[in-house]
Visitor: 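Structure provided below as structure tokens; questions to follow.
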Amino acid sequence: MNNNKPKILTANEASKIVESSVIKRRKKDARLKTYGRIAIGLAVSFLIFLFVSIFSKGIPGFFQYYVTLDVYLDRDRLDPKGDLSPVSLYNGDARSIVIESLYKVINPKGRKEKKAAKKIISTNADVRISKMVLDDPNILGKTIPITFAVDDDIDSFLRGYIKRDTPSSERRINDTVIKFVDKLSAENRISYKFSDYILTGSASRSPEIAGIKGAFIGSMLTLAVCFIIAFPLGVATAVYLEEFAPKNRITEIIEVNINNLAAVPSVVFGILGLAIFIGIFGMPRSIPLLGGMVLALMTLPTIIISSRAAIRAVPPSIKDAAYGIGASKLQTIFHHVLPLAMPGMLTGTIIGMAQALGETAPLLMIGMVAFIVDIPGGVTDPGTVLPVQIFMWADFAERMFIQKTSSAIIVLLVFLIFMNAAAVILRKKLERRW
Amino acid sequence: MVINSNINNVKTKTIGEIFSKDPKIICRHVDVFYGDKQAIKDVSIDISSREIISFIGPSGCGKSTFLRCLNRMNDTIDTCKVKGTILLDKDDIYDEKIDVVPLRAKIGMVFQKPNPFPKSIYENVAYGPRIHGLSSSKEELDFIVENSLKDSGLWQEVKDRLNSPGTGLSGGQQQRLCIARAIAVSPEIILMDEPCSALDPIATAKIEELINQLGKNYSIVIVTHSMQQAARISQRTAYFHLGELIEVGETKKIFTRPKDKQTEAYISGRIG
């Protein structure tokens, strides 16, 4: 049995005990540091992996293969009515003019070969010619070299995704087409350059002409609506709850529920939007206005919570000073509290917006997943958004959509980084503590 | 509405002279509660025009709470309730019809910690006159700002940098800026809540000198922990203890011949 009677330690004994515990404590510190480093290392390596995989796939997605052909722009065939109207050009025969100029280069023999040759050029070639003619009618009647996007299968072949040594029956393009493509590259007619379509085109089933402009503009419009609704509402709620609301049961319940709302899965807000905005109010689906409203519902709790925190962080001494000099409550809030809280509120809002920008699920619920070729011109035109576009492209079977998906992800990431940078800059600028 | 005849007919435990011949503020039977806790118990006192009166007492004795009743700064605390009568020029300041905005313009306040707005020096002083509409032109506002800064003894130090931030000044300068801000709205009374407790002795000396100057034109109520300060600057002194006003009187008398034992113990340093 030890003698466990408590006693007062001498200075010498105490210092020995302290010394031995110091070694233990140091070891603990070192261990904690190591864990921290491992965690950061893991996070950074995942991030690097993510970026490498997205950028290695996505950067080539911004480029694509083109074929240059000398096209004789026959006035009568292109513009049958002769009035240079879009309708007339649409009724024209641009497609066969392009095909004919292709035949001149590769000389297909027989019906089979001709059919195969038609596959080489993107279906969009006629639209391109119509556009060129509309821009500059003087080119009619001349022979000029024009570059056309090649079909997505040819593109994949040129990139090496479709292999030459795969048996013909298992390839998406047959030997005849490969022969023609070889001939075109031998004549230096094939070029690889920055895509005309990825940033300026809209949704399409043909991946070579699909672009993200429609989705990008849809995202901007949706976010604009979301901001216009959520920011004033969120700030007003935060100001009321912080400065005016009596502290009682009801405000407590409201507070708890706002915090709960922030954690509600976003898809639930989509269903809410579907049930209320579409079901009860009969709003048209797929429009950015509706998307923005649903995202505003989702962003509101984030904005309210961060705004309240920002308002609470305003030093009470400043409020005292304002009250002490005879400012009314409203004056105190508008002249002193809000300006001081603004950086925090804006940061919270931009974080909420960034969240909304990347949101897919609630928008699927309200029909923003529709296949819409037109670029939305306003908040009431049907449209889609970037993350939904990514979701749709990831679902398509065509090989080229793999790169396009990654390209769209890059655009989304750049958009996000830009927004976050804006948040940081705004914060720095407004937070100029006098 | 106020019955003048019995205003000086008060039963109080307070020792000394609570009345004044020329009262600016009259407090009668003031009780203050924070929730259930009573912070001020039955305080009655007059504050004269153009006098400097200091409130002394140990920490937590309620002197700051009482000070904050005088311009209704306690309104900002939800749980705080004030009972009794406080008259400013014979108007009850806790009357429902009284608006706190003009009241606080009449009774300025300077706080313990210098709290200039995070704006320029000029804006700090101009804010009060601007919200109360005391100036109709830029020239008038400039004049008010210049005068207030001169009265607070800050003009010479800041006249070349009126647009630089008020928070960039030293602690003592910031406190004088806060005084300038308070006098810019031409108050009649200035309440000071330990205005020197965050300052070094040199800055304190400047503020004290300034308070002496201002005492010629304003009533000044100052809460202080420094008995020397109270002795140096005030004409009257009130000693608070545990929410009660124990003794009031001429500063000289309080410090030389206190009538109450508690007061004596406090000023001789035995409690507090």
Side-chain angles (χ1 to χ4, degrees), chain A residues 235 238-255 307-347 425-434, chain B residues 67-68 70-79 99-121 123-134 163-169 174 177-178 180-187 190-193 198:
Chain A
V235 170
V239 167
Y240 178 77
L241 285 177
E242 277 305 312
E243 300 286 340
F244 293 100
K247 301 270 172 288
N248 58 23
R249 252 282 157 66
I250 298 170
T251 44
E252 234 168 71
I253 291 171
I254 290 174
E255 253 189 80
S307 299
R308 290 187 66 182
I311 289 171
R312 227 174 295 149
V314 173
S317 65
I318 297 292
K319 277 199 246 174
D320 275 352
Y323 286 134
I325 207 163
S328 65
K329 194 150 198 176
L330 210 68
Q331 285 170 328
T332 304
I333 290 169
F334 277 94
H335 296 167
H336 302 288
V337 176
L338 281 186
L340 285 176
M342 201 42 92
M345 296 196 295
L346 278 179
T347 313
I425 291 169
L426 256 177
R427 208 196 161 98
K428 280 266 159 65
K429 208 160 191 187
L430 290 171
E431 219 173 33
R432 190 167 48 147
R433 290 242 172 254
W434 284 79
Chain B
L67 186 77
R68 286 168 150 262
L70 300 179
N71 67 342
R72 290 183 60 176
M73 277 300 278
N74 282 340
D75 286 13
T76 55
I77 302 163
D78 287 339
T79 56
D99 188 351
V100 293
V101 166
L103 174 74
R104 290 191 189 137
K106 264 189 219 166
I107 309 179
M109 187 153 188
V110 176
F111 298 84
Q112 182 171 5
K113 216 180 116 221
N115 56 354
F117 296 128
K119 297 177 189 245
S120 70
I121 294 170
E123 281 304 315
N124 260 287
V125 183
Y127 182 70
R130 196 173 277 153
I131 59 169
H132 293 302
L134 296 183
N163 288 320
S164 55
T167 42
L169 297 171
Q174 285 189 21
L177 180 63
C178 292
R181 181 176 65 192
I183 59 183
V185 291
S186 311
I190 303 174
L191 309 178
M192 297 188 176
D193 192 354

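Values reported hereafter were calculated over all heavy atoms of this structure, with side chains retained and with hydrogens, waters and symmetry mates removed. First the proteins, then the strands, lettered A, B, ... as listed; each starts at 1.
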Visitor: For residues 322-346 of chain A, pull every pair meeting salt bridge (charged side-chain N to carboxylate O under 4.0 Å, His left out), keeping only residues two or more places apart or in separate chains.
Guide: none
Visitor: Taking side chain as everything from C-beta outward and backbone as N, CA, C, O, which of these in R72(B) sits under 4.5 Å from a heavy atom of chain A? Side chain, backbone, both or neither.
Guide: neither
Visitor: Please list, chain by chain and in numerical order, all residues satisfying side chain to side chain contact (heavy atoms under 4.5 Å, CB included) with K106(B), sequence neighbours excluded.
Guide: L88(B), E188(B)
Visitor: Judged by atom type as modelled, is there a donor-acceptor pair below 3.5 Å linking the side chain of D320(A) to the main-chain atoms of Y323(A)?
Guide: no
Visitor: At a 4.5 Å cut-off on heavy atoms, which part of V101(B) comes close to chain A: side chain, backbone, both, or neither?
Guide: both
Visitor: Heavy-atom distance under 4.5 Å to chain A: side chain of P116(B), backbone, both or neither?
Guide: backbone
Visitor: If I measure from the heavy atoms of chain A, does I107(B) come under 4.5 Å with its side chain, its backbone, both, or neither?
Guide: backbone
Visitor: Mind running side chain to side chain contact (heavy atoms under 4.5 Å, CB included) on F111(B) and L191(B) for me, showing each step along the way?
Guide: CA-CA 8 Å; F111(B) 298 84; L191(B) 309 178; over 6 Å; no
Visitor: Can you tell me which of P339(A), A322(A), P246(A) forms the most heavy-atom pairs within a distance under 4.5 Å of chain B?
Guide: A322(A)
Visitor: Is there a donor-acceptor contact under 3.5 Å from the side chain of R104(B) to the main chain of G324(A)?
Guide: no
